[in-house]
Amino acid sequence: MSFPSLQEQLDVITANTVEIISPAELEQKIQHSLKTGAPLKVKLGADPSRPDLHLGHSVVLRKLREFQDLGHEAILIIGDFTAMIGDPSGKSKTRPQLTAEEARQNGASYFEQASKILDPHKTTICYNADWLGKMTFADVIRLSSHYTVARMLERDDFERRYRSSEPISIHEFLYPLAQAMDSVHLRNDVELGGTDQKFNLLVGRDLQREYGILPQVCITMPLLVGTAGEDKMSKSLGNAVCFNDLPSDMYGRVLSIPDNLIENWCRLLLPHNGEGRRAILEGWEEEPRSAKRRLAREIVTQYYSTTEAEAAEEHFDRLFVHKKAPTEIELTLFSEPELPLVDLLLALGAAASKNDARRMIQQNAVSIDEERILDIKAVITLSEEPKTLKAGKRKFFRIATAANS
RNA sequence: GGGUAGGUAGCGAAGUGGUUAAACGCAACAGACUGUAAAUCUGUCGACAUAUGUCUUCGGAGGUUCGAAUCCUCCCCUACCCA
């Protein structure tokens with residue numbers, strides 16, 4: 001097993017990072033690895049309470065992949081046990097707790113999605129219930145004696161919640177300790193996380209030291225800004241681009257980011273040696289439009305393929321630039337030959353309620369075969385020949401009667 | 001255990017007996033505009049109906065009243081203070 005040189009490794013590892021605690025220790029660890037030929041154990045904790053991975057997660061996953069490419073060992077910890085606690089990081093509210101079974105299922109899905117970035121054959125997967133679940137209450141008490149309430153309250157989000165009189169449950173204090181135990185158990189050399197995980201990573205470091213293990217190096221990565229350009233990307237804020245989004249959705253969402261985000265996204269989301277990355281970084285200021293289109297294509301290509309990326313672009317142009325109906329729309333069959341438009345919209349899922357459907361009609365949002373319909377009492381006559389129904393800018397349906405003779 | 005302040009629509013937050021389905025902000029949805037699903041502007045935003053009508057909502061359960069989110073009783077939940 002031969003590793004790249006110390007300097008080469010450091011160049012790759014430090015790129016895009018926010019903080020490395022501490023750089024000197026990192027260097028020592030790499031040198032030690034070079035000397036002994038033993039790869040570094042690099043830990044990334046996965047929270048299976050949110051099994052929908054989005055581009056924000058990919059920043060950290062990509063860093064882990066870089067470690068893999070350098071020849072080190074990537075360990076993905078599925079926090080099935082800690083998910084039953086719920087990570088309080090950055091949250092103003094207690095997270096919902098998962099059952100063991102949900103956590104396992106989500107964990108499997110997490111790994112599957114993460115495999116779009118990681119090399120799945122070189123990734124070690126662990127479930128932390130395997131060791132945390134075996135701890136006795138006495139073990140937990142011993143563990144918690146290593147930390148103090150004051151130190152816990154140092155943490156930003158806890159402090160904020162405490163000051164603004166919001167509830168903090170005792171079990172939330174146990175979360176950082178539990179996930180720090182993972183580091184004790186694994187004896188990993190490096191742990192990765194977003195900047196919001198800094199506290200947790202440091203607890204892992206402290207605890208390893210307490211248990212007489214060489215403390216891990218903590219590497220934090222920037223949090224990706226979401227499509228709206230302000231908050232960090234998060235599923236619940238609706239500004240996320242998910243791994244599992246359809247290519248066309250993914251493309252459109254990327255294209256919707258503000259122009260000033262192009263450079264940042266390009267740096268954090270595209271492979272450091274790719275030509276797409278270079279092209280975008282060079283050209284985005286002169287031609288933001290084409291740079292962003294390129295960025296969107298590159299991203300879709302990562303999760304799907306070049307072909308699908310191109311199809312997504314065509315689809316987008318057709319719908320939003322030329323304002324035409326998409327080429328392929330799913331056909332829905334109805335048994336009744338005549339249906340009130342309101343009921344039709346509800347049945348298709350285009351409207352949340354009949355009132356909602358009426359609203360859309362009144363707001364000029366509904367058309368059938370390019371013809372606007374403004375009458376909320378309109379009754380639509382269906383035939384075996386499909387009609388194209390458009391509700392809003394993005395919802396298209398093809399409707400017809402079921403052919404039963 | 002005692003005291004105090006609270007629990008309002010997806011979220012945040014007004015409202016303390018009747019023109020209150022409930023201000024306002026965010027989110028969401030629609031329209032216009034745009035290279036864009038961004039930004040901006042306009043409108044909508046409980047359900048059912050459409051003749052400005054009916055029904056269900058303000059932690060839960062009862063009660064007072066012609067009439068309650070608003071008053072009373074009990075219960076549940078949260079924060080803070082005192083033990």
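Side chains included, hydrogens not; waters and symmetry mates left out as well; all remaining heavy atoms used. Just so it is clear: chains get the letters A, B, ... in the order the sequence lines come, proteins before strands, and each one is counted from 1.
In this structure, B/rG46 forms a base pair with B/rC55, meeting either the Watson-Crick or the G-U wobble geometry with both donor-acceptor distances under 3.5 Å. In this structure, B/rC80 and B/rG3 make a Watson-Crick or G-U wobble pair, each of the two defining distances being under 3.5 angstrom. Pair check for B/rU65 finds none; no Watson-Crick or G-U wobble contact set falls under 3.5 Å. Within the shown strands, B/rG10 is the pairing partner of B/rC26 under the Watson-Crick or G-U definition, both distances less than 3.5 Å. Using the Watson-Crick or G-U wobble rule with both distances under 3.5 Å, B/rG31 pairs with B/rC41. Pairing for B/rC74 is with B/rG60, a Watson-Crick or G-U wobble pair whose two hydrogen-bonding atom distances lie under 3.5 Å.
On the C1' atoms, B/rA22 is 14 Å away from B/rG18, given to the nearest whole Å. Comparing B/rG17 with B/rG1, their C1' atoms sit 36 Å apart, to the nearest whole Å. When the C1' atom is compared between B/rC33 and B/rA38, the two are found 12 Å apart, to the nearest whole Å. For the P atoms, the distance from B/rA61 to B/rC76 is 15 Å, rounded to whole Å. Between B/rG60 and B/rC11, the distance separating the two P atoms is 14 Å to the nearest Å. Remark: the separation of the C1' atoms in B/rG15 and B/rG3 is 27 Å, to the nearest Å. Nucleotides B/rA9 and B/rU44, compared at atom C1', are 16 Å apart to the nearest Å. When the C1' atom is used for both B/rA21 and B/rU8, the distance is 12 Å, rounded to whole Å.
Counting distance only, with no hydrogens placed and no angle test, the side-chain atoms of A/Lys323 and the base atoms of B/rU34 include a donor-acceptor pair under 3.5 Å. Residue A/Gln363 places no side-chain atom within donor-acceptor reach of the base of B/rG31, judged by atom type and a 3.5 Å distance cut-off alone.
With B/rA38, B/rG31, B/rG35 as the choices, the nucleotide that has an atom nearest any side-chain atom of A/Arg289 turns out to be B/rG35. The side chain of A/Ser353 lies closest to B/rA47 when the candidates are B/rA47, B/rA30, B/rA51. Comparing B/rA38, B/rG31, B/rC48 by their closest approach to the side chain of A/Pro258 singles out B/rA38. If you check B/rA49, B/rA32, B/rC80 against the side chain of A/Tyr162, the one that comes closest is B/rC80. Checked against B/rA79, B/rU36, B/rA30, the side chain of A/Met360 finds its nearest nucleotide in B/rA30. Out of B/rG35, B/rU50, B/rC33, the shortest distance to the side chain of A/Lys393 is found at B/rC33.
Along RNA chain B, the nucleotide nearest A/Arg372 and the nucleotide nearest A/Met250 are compared for position; the residue whose nucleotide lies closer to the 5' end is A/Arg372. Heavy-atom distances to RNA chain B give each of A/Ser164 and A/Leu255 a nearest nucleotide, and the one nearer the 5′ end belongs to A/Leu255.
A sub-4.0 Å separation between OP1 or OP2 of B/rA38 and a side-chain N or O of A/Arg253 is absent. One finds no side-chain N or O of A/Ser165 lying less than 4.0 angstrom from the OP1 or OP2 phosphate oxygen of B/rC80. For B/rA47, the OP1/OP2 oxygens have a side-chain nitrogen or oxygen of A/Arg359 closer than 4.0 Å. Of the side-chain N and O atoms in A/Lys292, none sit less than 4.0 angstrom from OP1 or OP2 of B/rU36.
Looking at A/Glu66 and A/Arg62, no side-chain N of the basic residue comes within less than 4.0 Å of a carboxylate O on the acidic one, giving no salt bridge. Remark: A/Arg104 engages A/Asp130 in a salt bridge, criterion side-chain N to carboxylate O under 4.0 Å.
Each of A/Thr17, A/Leu192, A/Val18 was checked for a side chain to side chain contact (heavy atoms under 4.5 Å, CB included) with A/Met221, and the lone residue meeting it is A/Thr17. Each of A/Ile78, A/Leu132, A/Ile77 was compared with A/Tyr127 under the side chain to side chain contact (heavy atoms under 4.5 Å, CB included) criterion, and only A/Ile78 meets it. The salt bridge (Lys or Arg N to Asp or Glu O under 4.0 Å) test with A/Arg205 is passed by exactly one of A/Glu191, A/Glu210, A/Glu25: A/Glu25.
The CG atom of A/Asp231 sits 18 Å away from the P atom of B/rC11 (whole-angstrom rounding). In this structure, A/Leu345 places its CG atom 12 Å from P of B/rA30, rounding to the nearest Å. Distance NE2 (A/His315) to P (B/rA37): 13 Å, rounded to an integer number of Å. Look at CZ on A/Arg293: it is 14 Å from C1' on B/rA37, rounded to the nearest Å. Atom C1' of nucleotide B/rG43 and atom CG of A/Leu374 are separated by 15 Å, given to the nearest angstrom. In this structure, A/Lys395 places its NZ atom 7 Å from C1' of B/rC29, rounding to the nearest Å. Rounded to whole angstrom, the span from the CD atom of A/Gln362 across to the P atom of B/rC29 amounts to 19 Å. Across the protein-nucleic acid pair, A/Arg318 atom CZ and B/rU36 atom C1' stand 18 Å apart, rounded to whole Å.
Atom CD1 of A/Ile141 has more than 12 neighbouring heavy atoms from other residues, nucleotides or ligands inside a 6.0 Å radius.
With a 6.0 Å cutoff to the six-membered ring centre and a 45° limit on the axis angle, A/Lys116 counts as a cation-pi contact of A/Tyr304.
At the heavy-atom level, A/Asp356 lies nowhere under 4.0 Å from the strands shown. Within 4.0 Å of A/Arg358, counting heavy atoms only, lies at least one base atom of the nucleic acid. Residue contacts shown for A/Tyr251 are absent, as no nucleic acid heavy atom lies under 4.0 Å away. Note on A/Gly392: only backbone sugar-phosphate atoms sit closer than 4.0 angstrom, heavy atoms only; bases stay farther off. If you check every strand for non-hydrogen atoms under 4.0 Å, A/Asn355 touches a base. Note on A/Leu319: nothing from the nucleic acid sits closer than 4.0 angstrom, heavy atoms only.
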For this session: Under the ring pair (Phe, Tyr, Trp, His ring centres under 6.0 Å) rule, what do A/Tyr162 and A/Phe158 come out as? Steps first, then yes or no, please.
Result: CA-CA 6 Å; A/Tyr162 188 67; A/Phe158 280 149; 10.0 Å; no
Exercise. Would A/Arg358 and A/Asn355 satisfy side-chain hydrogen bond (donor to acceptor under 3.5 Å, both in side chains), going step by step from the backbone distance to the final call?
Worked result: CA-CA 5 Å; A/Arg358 288 189 194 99; A/Asn355 275 343; 2.9 Å; yes
